[in-house]
A.B. asks: 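First the structure, then my questions, so here it is.
Chain A is the first sequence line, chain B the second, and so forth, proteins listed ahead of strands; every chain is numbered from 1.
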Number of protein chains: 2
Amino acid sequence: MKNKQNRLNAIKFIIANERIGNQEELLKRLYAQGFDLTQATLSRDLKQLKVAKTAASDGSYIYILPSSPLYKRITKGKLVHEDQVRSGFVSISFSANIAVIKTRPGYAGGIAYDIDEHDLPPVLATVAGDDTILLVIRENYTHHAVKQHLETIIPEMKIM
Amino acid sequence: MKNKQNRLNAIKFIIANERIGNQEELLKRLYAQGFDLTQATLSRDLKQLKVAKTAASDGSYIYILPSSPLYKRITKGKLVHEDQVRSGFVSISFSANIAVIKTRPGYAGGIAYDIDEHDLPPVLATVAGDDTILLVIRENYTHHAVKQHLETIIPEMKIM
DNA sequence: CACGATTATTTATAGATATGCAAAAATGTT
DNA sequence: AACATTTTTGCATATCTATAAATAATCGTG
């Protein structure tokens, strides 16, 4: 229980199994396991492990491990272009706070899924049928803004 | 560009599209977009949005959004929201006369059915997809009123 | 519109985290 | 082993973030 690798493993284990809210807490847990280090070192360890701190649902904060592929993708930032929507897009039109996207039969669900995934700011939500997507627009966004955002994931839309 | 919801959306958009390393930076970007707030408020916003701060691969720190269900599950640790598991309800948000209710996949139909059954005064109609319900609100009902009525049949909604 | 209740915000500050620098270990090289 | 090189660490502190308390704004209802 002496070298750095062991310590890193211990940190991962503790964070995975307990709700740790700050470094002092974690330091105590580590000390209880025979690891003697300072907050400065722990800060560097957490940086190296890419541990993240976020709000928990109970109002406190909690450290989390980057264990999921999705999370990893996010931590690397800039990931948008990886998977663009295959073509299936047919048309888009608007009525007040609703956009209606027509697709080729069967494509609505997939495209709606992709739109949802991207969490575009003007998009409150989507509902898909077989060849139609209803998209609810957030307040204070123009139709044009919606279109612009959608174009980042549905390039075919640009030529319209 | 004035209310809190707009600001939260702006924060999400900025974080999704830029590499933000601390709150002062984000504050400047928000100010450039016409949002005037203090670091204290921003800290609370980030807490509410469950934005996480983690190390980036280039040695700096970066804020990330909890955009994936997987990530959300992680942030909640092992105490996976029993509420949601039980009812299927995930979230509710509004845009003018539409309420959008997010559910766990497959639950939308069931919950929409329950809502219809109750004939709540503010509810004109519902349409359900797989994990989303669009609820059309009758005129002269506030968002808050809708929420209160729904809470009578979806108690889990209260914690939001 | 006025009042009570809730939500949002600021200020001031406490609390938590990151880091420059120097020292100490560890590792590698001849 | 002696020396150079790289890695790890602690100390002290700067930087960054969260929050209590007070105030302001907003909402819902009579």
A.B. asks: When the distance from NZ of B:K147 to P of D:dG28 is rounded to whole Å, what number comes out?
C.D. replies: 11 Å
A.B. asks: To the nearest angstrom, how far is A:N22 atom CG from C:dA18 atom P?
C.D. replies: 12 Å
A.B. asks: Would you kindly say whether A:Q33 and A:K28 are connected by a side-chain donor-acceptor distance under 3.5 Å?
C.D. replies: no
A.B. asks: Sequence neighbours left out, what passes ring pair (Phe, Tyr, Trp, His ring centres under 6.0 Å) with A:Y141? Give chain and number order.
C.D. replies: none
A.B. asks: In whole Å, I'd like the distance from the CD1 atom of B:I62 to the P atom of D:dT17.
C.D. replies: 13 Å
A.B. asks: Can you give one letter per nucleotide of nucleotides 18-24 of chain D, going 5' to 3': B for a protein heavy atom under 4.0 Å from the base, S for sugar-phosphate only, - for none?
C.D. replies: BBBB---
A.B. asks: For A:K12, does the NZ atom have more than 12 heavy-atom neighbours from other residues, nucleotides or ligands under 6.0 Å away?
C.D. replies: no
A.B. asks: Write down the distance between CG (A:L27) and P (C:dT17), rounded to a whole number of angstrom.
C.D. replies: 11 Å
A.B. asks: Output all residues satisfying side chain to side chain contact (heavy atoms under 4.5 Å, CB included) with A:V127, sequence neighbours left out; order by chain, then residue number.
C.D. replies: B:T132, B:L134
A.B. asks: Do B:F35 and B:I15 share a hydrophobic cluster, counting only Ile, Leu, Val, Met, Phe, Trp and Tyr and linking them when any side-chain heavy atoms are less than 4.5 Å apart?
C.D. replies: yes
A.B. asks: Using salt bridge (charged side-chain N to carboxylate O under 4.0 Å, His left out) as the criterion, list what pairs up with A:R29, not counting sequence neighbours.
C.D. replies: A:E18
A.B. asks: Can you sort out the partners of B:D58 under salt bridge (charged side-chain N to carboxylate O under 4.0 Å, His left out), two or more places apart, ordered by chain and number?
C.D. replies: B:R19
A.B. asks: How close do A:V51 and B:T54 get, counting heavy atoms only, and between which atoms?
C.D. replies: O-OG1, 3.4 Å
A.B. asks: Over how many whole Å does the gap from A:Q48 atom CD to D:dT7 atom P extend?
C.D. replies: 11 Å
A.B. asks: Which nucleotide sits closest to the side chain of B:T38: C:dT10, D:dT17, D:dT9?
C.D. replies: C:dT10
A.B. asks: In degrees, rounded to 10°, what is the bend between the two ends of the helix from C:dC1-D:dG30 to C:dT30-D:dA1, using five pairs at each?
C.D. replies: 50°
A.B. asks: Whole angstrom is fine here: how far is it from NZ in B:K4 over to P in C:dT10?
C.D. replies: 11 Å
A.B. asks: Between A:N6 (CG) and D:dT9 (C1'), how many Å, whole number?
C.D. replies: 17 Å
A.B. asks: A:K4 and A:Q48: side-chain donor and acceptor closer than 3.5 Å?
C.D. replies: yes
A.B. asks: If you look at every strand shown and take non-hydrogen atoms under 4.0 Å, does A:D36 touch a base, only sugar-phosphate, or nothing?
C.D. replies: sugar-phosphate
A.B. asks: May I have the distance from A:L8 (atom CG) to D:dT8 (atom C1'), rounded to whole angstrom?
C.D. replies: 11 Å
